[in-house]
J.: 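Got a structure for you, written out below as structure tokens; questions coming shortly.
All values derive from a computational prediction rather than experimental measurement. A note on names: the letters A, B, ... follow the listed sequences, proteins ahead of strands, and every chain is numbered from 1.
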Amino acid sequence: MTDMHDIRAIRENPQAFDAALQRRGLAGISEQVLSLDSERRARIAEAETAQADQNRASKEVGAAKARGDEAEFERLRQLVTEKKADVSRMQAEAALLDNRLRDLLMAIPNLPLDSVPEGVDENDNVELHRWGNPRNFDFTPVEHFEIAGVKPGMDFETAAKLSGSRFVVLKGAVARIHRALAQFMLDLHVTQHGLEETWTPILVLEDMMVGTGQLPKFGEDSYQTREGYWLIPTSEVTLTNTVHGELVDQSTLPRRMVAHSQCFRSEAGSAGRDTTGMLRQHQFEKVEMVSITDAESGLDEHARMTRCAEAVLEALELPYRTMVLSSGDMGFSARITHDLEVWLPGQNKYREISSVSYCGDFQARRMNGRYRPEGGGKPEFVHTLNGSGLAVGRALIAVLENGQQADGSVTFPAALHPYLGGATRLQADGKLV
RNA sequence: GGAGGCGUGGCAGAGUGGUUUAAUGCACCGGUCUUGAAAACCGACGUGGGUGGAAGCCCACCGUGAGUUCGAAUCUCACCGCCUCCGCCA
């Protein structure tokens, strides 16, 4: 079976496994895992012994038939039939236990690294550093959807008519700024950070959602089509699963990719949260980075990817702080996560705009993505990382709120000017100039 | 939507009921040769699981799962995925 977790590691050090889960606020489960595991192995051993007997008898049957010994042939035939029943029964028992173990392990999240701060939720996240200083406003800054120049281009009413709540229609200048942001980010990562521009499907087979960890546990958070396709909640799903079932040469690592895609989330557990504005939508755009690396360079790659995301905010002159998530606030597949929180003057707080996670071999195990070490040797699981660079809708919010002026206009960071046809600001009447 | 085809090791590709312990080639690895390299030659070379100090031994795996059979990569059925042609369509 393909292990979702390293069963050998759990056998060798069940305390460490439980301790890691407890840091996530989960009960220790190694006892249950190991009892299933040892039971399963016992059944396997029995089944294999019986199978070996059957195989031996089967071979002798052929020989007896060949030399015309009918009596011996009949006797052995009988024996094989009996053994076969034994094997079949024992294998069924083993398979049952194997499936139960698999189901159990499938639902267990990745283990936090030791460096992850202990905590139960976002209040225990630890700030690593800040960049930039929030502006001093000589007026009271408002939220993005309240800015005079933004209002004509951000239409929640029409979107609600078309699609219900948590959707938006962007028009005119606002739509263009949104597009400009995505293009700018993509260009930055491709030309400055060496990531490979990638365009992927946004409908995927169920297996891919299992591979990155959305399934089987979090099906409620995503959308599925009548045909069985899943709409990706992030292009982490497609980019990471490019190595699904693959055995690649180590020399091709690291593989650094970036994609700009639509993302779809049902926000099932977010009722009542961020209901105004376009902070939390069912459909949004994101520029996503993914790295496929080997076991040795995973953590260095994490630092690098975090820098790639930070660089976007710095280029856009948006004040932010970099957090390391506490053990209780991390996502299912992550071993460690850096969140970038951008300053939103309208809310007077820092809000998540990027999340950069190192997943170790967790996702690779689920999708059986491996590499052949240089110089030969046994295949090893790749290590995977993903990070937003950045969420486009939230970047739009940040640019609008941080650039807002007393008269309801918005000034843009210089990096964006070329992407806006040279425009430097959004007037209070909604026009770009 | 209609019709047909295909799924074998990292890759390519044999194999249609029993010496398949899965041929062969390429790639990778070790070596010989060479000033060095290439070529050539020699050798090793699938994945997972169980067991065991170790060497080893055993089991499974030819998309997945059932079935037929003394015996299945090979036959049957279902499912999954891929491809081609036609139709429709950005």
Side-chain angles (χ1 to χ4, degrees), chain A residues 1-12 33-34 36-102 105 199 201-211 215 224-230 238 241-253 255 262 292 294 361 364-382:
Chain A
M1 90 180 241
T2 305
D3 294 316
M4 305 311 115
H5 282 273
D6 189 347
I7 191 75
R8 286 200 178 81
I10 301 175
R11 269 182 223 147
E12 276 169 28
V33 168
L34 291 183
L36 264 176
D37 178 51
S38 69
E39 191 62 20
R40 161 182 155 271
R41 284 193 289 162
R43 290 291 92 75
I44 287 173
E46 286 175 16
E48 288 187 350
T49 304
Q51 178 95 57
D53 290 346
Q54 188 200 324
N55 289 349
R56 212 171 300 115
S58 281
K59 247 171 216 163
E60 290 167 17
V61 166
K65 184 76 174 174
R67 66 173 181 271
D69 187 343
E70 282 300 322
E72 183 67 356
F73 174 72
E74 276 308 320
R75 190 186 71 80
L76 287 167
R77 214 166 71 97
Q78 202 60 244
L79 181 64
V80 166
T81 305
E82 285 166 25
K83 284 294 176 188
K84 201 180 149 188
D86 288 349
V87 170
S88 168
R89 178 170 40 80
M90 292 168 180
Q91 281 182 341
E93 285 173 19
L96 187 72
L97 289 162
D98 199 63
N99 285 336
R100 278 173 57 193
L101 183 58
R102 184 189 174 84
L105 291 173
W199 186 90
I202 55 180
L203 293 177
V204 294
L205 301 172
E206 185 151 294
D207 252 15
M208 306 305 125
M209 295 284 278
V210 175
L215 294 178
Q224 191 175 24
T225 72
R226 295 171 51 144
E227 295 82 1
Y229 292 116
W230 289 83
T238 45
N241 275 291
T242 53
V243 293
H244 190 116
E246 299 286 325
L247 177 52
V248 305
D249 285 336
Q250 184 172 20
S251 62
T252 68
L253 307 178
R255 299 183 179 189
Q262 303 285 339
I292 312 290
D294 56 34
D361 64 6
R365 286 176 178 279
R366 297 170 76 97
M367 62 180 70
N368 195 28
R370 298 167 301 165
Y371 66 92
R372 176 87 61 190
E374 262 159 11
K378 291 271 183 194
E380 293 182 35
F381 289 113
V382 298

J.: Once you apply the 3.5 Å cut-off to both distances, tell me the Watson-Crick or G-U wobble partner of B:A22, or none.
T.: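 Its partner is none (no Watson-Crick or G-U wobble pair with both distances under 3.5 Å).
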
J.: Sort out the partner of B:A37 for me: Watson-Crick or G-U wobble, both distances under 3.5 Å, none otherwise.
T.: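 In the structure as shown, B:A37 has no Watson-Crick or wobble partner.
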
J.: Could you let me know what B:G81 is paired to, Watson-Crick or G-U wobble, both distances under 3.5 Å, or none if it's on its own?
T.: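 Across any shown strand, B:G81 pairs with B:C6.
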
J.: Hunt down the Watson-Crick or G-U wobble partner of B:U69, both distances under 3.5 Å, from any strand shown, or write none.
T.: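 When the pairing criteria are applied, nothing turns out to pair with B:U69, so the answer is none.
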
J.: Quick one: which of B:G81, B:U47, B:U51 gets closest to the side chain of A:Arg372?
T.: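 For the A:Arg372 side chain, the nearest candidate turns out to be B:U47.
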
J.: Figure out the CD/C1' separation between A:Glu227 and B:G1, and round it to whole Å.
T.: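 About 13 Å, once rounded to whole Å.
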
J.: Could you identify the nucleotide paired to B:G87, looking across every strand shown and requiring Watson-Crick or G-U wobble geometry with both distances under 3.5 Å?
T.: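 Check on B:G87: unpaired, no WC or wobble geometry under 3.5 Å.
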
J.: Between the side chains of A:Glu39 and A:Arg43, is the shortest nitrogen-to-carboxylate-oxygen separation below 4.0 Å, so that they form an ion pair?
T.: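 Yes, A:Arg43 and A:Glu39 are salt-bridged.
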
J.: Grab the two heavy atoms, one from A:Gly211 and one from A:Asn241, that are nearest each other, plus how far apart they are.
T.: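 Heavy atoms only, the tightest pair is CA-OD1, 4.1 Å.
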
J.: I want to verify a distance call: between B:U51, B:G48, B:G49, whose nearest atom is closest to the A:Lys378 side chain?
T.: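 That would be B:G48.
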
J.: Apply salt bridge (charged side-chain N to carboxylate O under 4.0 Å, His left out) to the pair A:Asp98 and A:Arg102, showing each step before the final yes or no.
T.: CA-CA 6 Å; A:Asp98 199 63; A:Arg102 184 189 174 84; over 6 Å; no

J.: Could you give the distance separating B:A78 and B:U74 at their P atoms, to the nearest angstrom?
T.: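 Nearest-Å result for B:U74 against B:A78 at atom P: 16 Å.
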
J.: If you measure from the C1' atom in B:G63 to the same atom in B:C42, how many Å do you get, rounded?
T.: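 Between the two C1' atoms, the distance is 38 Å.
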
J.: Starting at OH of A:Tyr371 and ending at P of B:G46, how long is that distance when rounded to a whole Å?
T.: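 These atoms are roughly 20 Å apart.
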
J.: If pairing requires Watson-Crick or G-U wobble contacts with both distances under 3.5 Å, which nucleotide is the partner of B:C57?
T.: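 In the structure as shown, B:C57 has B:G50 as its Watson-Crick or wobble partner.
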
J.: Among B:G50, B:U47, B:G10, which is the nearest nucleotide to the side chain of A:Arg40?
T.: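 So the side chain of A:Arg40 is nearest to B:G50.
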
J.: At 4.0 Å (heavy atoms only), tell me whether A:Arg370 reaches a base, stays on the sugar-phosphate, or touches nothing.
T.: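 Sugar-phosphate: the residue A:Arg370, judged by heavy atoms under 4.0 Å, touches backbone atoms but no base.
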
J.: With sequence neighbours left out, write down each residue that passes side-chain contact (heavy atoms from CB on, under 4.5 Å) with A:Gln224, or none if nothing qualifies.
T.: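 Checked A:Gln224 against side-chain contact (heavy atoms from CB on, under 4.5 Å); matches are A:Glu206, A:Trp230.
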
J.: Not counting sequence neighbours, which residues clear side-chain contact (heavy atoms from CB on, under 4.5 Å) with A:Thr225? List them please.
T.: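 Testing A:Thr225 for side-chain contact (heavy atoms from CB on, under 4.5 Å), a comparison that skips the adjacent residues, returns A:Leu203, A:Glu227, A:Tyr229, A:Leu231.
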
J.: Does B:A14 have a Watson-Crick or wobble mate here (both distances under 3.5 Å), and if so which one?
T.: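 Pairing partner: none.
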
J.: Compare the minimum distances between each of B:U47, B:G81, B:G50 and the side chain of A:Arg11, then state the nucleotide with the smallest one.
T.: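 The answer is B:G50, which lies nearest to the side chain.
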
J.: Write down the distance between NE2 (A:His244) and P (B:G63), rounded to a whole number of angstrom.
T.: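 So the NE2-P distance, A:His244 to B:G63, works out to 16 Å.
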
